[in-house]
Amino acid sequence: GSGVMDSAGTLVPYQTMCVQDDSPSIVATEAYIEDGVLHAKFDAIVLLISMFERVYPFTIAETHLMGNISGEGFITDGVVGGRLSIEELLNLISKMGQNQGGLTETMQPIIAGLGDLPSESGECGGMSGALVFDTVPAFFYPEDSGCDPCGNGTCDVFESCETCQLDCCS
């Protein structure tokens, strides 16, 4: 089960979620707050991209994150950026496009020429990229709770109590 989304496609706040055992866990190499803005650096972060009811991990290396901290303590007007591996991006497009005829063939020549950063695979094997975001408040089951809202022995990405019964039983 996924979290409940509103009609604008944003996550509804204050849901109770659990995090699956293999969810990416990261620690900032540097972090500070200056003038109400959070600044953080990471060696890499892993985003879980959900598309067509499948979840695909995607790594952003040499990551920088910044965002305003609201009066309630949430991040608004956030930006995260870093180096994207062109090879990994093309592999992701290939996986996502398995049932989308022509997606890989269309995207490959476009993406392949966008390298502007060095990577493990070559001088221009990476490309710079950035995403904007806002956060919403959520509650998480404690690690020792044996989180399994669906009762099916797994915690599917970010399961929500609010959608779990519907998702697991349909």
Side-chain angles (χ1 to χ4, degrees), residues 2-13 15 17 19-70 72-138 140 155-160:
S2 297
V4 176
M5 306 295 272
D6 66 16
S7 61
T10 58
L11 190 64
V12 173
Q15 296 181 62
M17 313 291 276
V19 180
Q20 70 185 33
D21 296 336
D22 63 349
S23 291
S25 176
I26 58 171
V27 176
T29 56
E30 178 184 332
Y32 61 93
I33 298 172
E34 184 177 299
D35 297 327
V37 178
L38 170 67
H39 300 263
K41 293 182 181 182
F42 304 87
D43 291 332
I45 64 169
V46 178
L47 298 179
L48 297 177
I49 299 170
S50 178
M51 188 170 191
F52 305 120
E53 298 184 14
R54 293 196 175 169
V55 177
Y56 304 93
F58 187 72
T59 302
I60 301 177
E62 301 168 22
T63 311
H64 294 245
L65 178 146
M66 44 186 303
N68 297 321
I69 299 179
S70 72
E72 296 83 28
F74 310 120
I75 298 175
T76 61
D77 304 315
V79 178
V80 62
R83 178 176 44 83
L84 313 174
S85 162
I86 290 179
E87 182 178 351
E88 186 179 353
L89 183 57
L90 290 171
N91 288 337
L92 180 66
I93 290 169
S94 178
K95 288 177 188 173
M96 294 169 89
Q98 287 175 349
N99 297 321
Q100 307 298 318
L103 180 64
T104 303
E105 296 79 11
T106 302
M107 295 302 296
Q108 200 281 332
I110 295 169
I111 301 291
L114 293 178
D116 62 350
L117 296 171
S119 76
E120 300 81 28
S121 63
E123 187 173 320
C124 291
M127 63 185 263
S128 51
L131 303 168
V132 295
F133 69 95
D134 291 310
T135 62
V136 297
F140 291 93
C155 184
D156 182 26
V157 187
F158 292 101
E159 284 186 330
S160 163

Report yes if the side chains of D77 and F133 come closer than 4.5 Å at any heavy-atom pair, otherwise no.
no
Heavy-atom side-chain contact between I45 and V80 under 4.5 Å
yes
For the student: nearest non-hydrogen atoms of V136 and P13, plus distance:
CB-CB, 4.0 Å
For the backbone of R83 and the side chain of S128, can you confirm whether one donor and one acceptor N or O come within less than 3.5 Å of each other?
no
Report yes or no: does E62 contribute a side-chain atom to a donor-acceptor pair with the main-chain N or O of A44 at less than 3.5 Å?
no
Quick check for you: to the nearest 0.5 Å, what is the distance between Q108 atom CD and S94 atom OG?
10.5 Å
CZ (F42) and CD1 (I60) are apart, to the nearest 0.5 Å, by 11.0 Å
Value for CG (L47) from CG (L131), rounded to nearest 0.5 Å, stands at 6.5 Å
Is there any side-chain hydrogen bond (donor to acceptor under 3.5 Å, both in side chains) pair reaching into residues 35-45, and which pairs are they, with sequence neighbours excluded?
none
Please report the shortest heavy-atom distance between V12 and D6, naming the atom on each side.
CG2-N, 3.8 Å
Taken to the nearest 0.5 Å, the spacing of T29 OG1 from I26 CD1 works out to 10.0 Å
By side chain to side chain donor-acceptor pair (under 3.5 Å) - contacts of T76 (at least two apart):
none
Minimum side-chain heavy-atom gap I33-I69 below 4.5 Å
yes
Taking the side chain as every heavy atom from C-beta outward, state whether L65 and L38 have any atom pair closer than 4.5 Å.
yes
Hey, what do you get for OG (S85) to CG (L90), rounding to the nearest 0.5 Å?
8.5 Å
Do you know the tightest heavy-atom contact between A130 and V79?
CB-CG1, 4.4 Å
Can you confirm whether M5 sits close enough to T10 that some side-chain heavy atom of one is under 4.5 Å from a side-chain heavy atom of the other?
no
Heavy-atom closest contact (I93 atom, I111 atom, distance)
CD1-CG1, 3.9 Å
Spacing of CD1 belonging to I86 relative to SG belonging to C124, to within rounding of 0.5 Å
7.5 Å
Which atom pair, heavy atoms only, marks the closest approach of F58 to L92?
CD1-CD2, 3.6 Å
If you count the non-hydrogen atoms of other residues, nucleotides and ligands that lie under 6.0 Å from CD in E87, is the total more than 12?
no
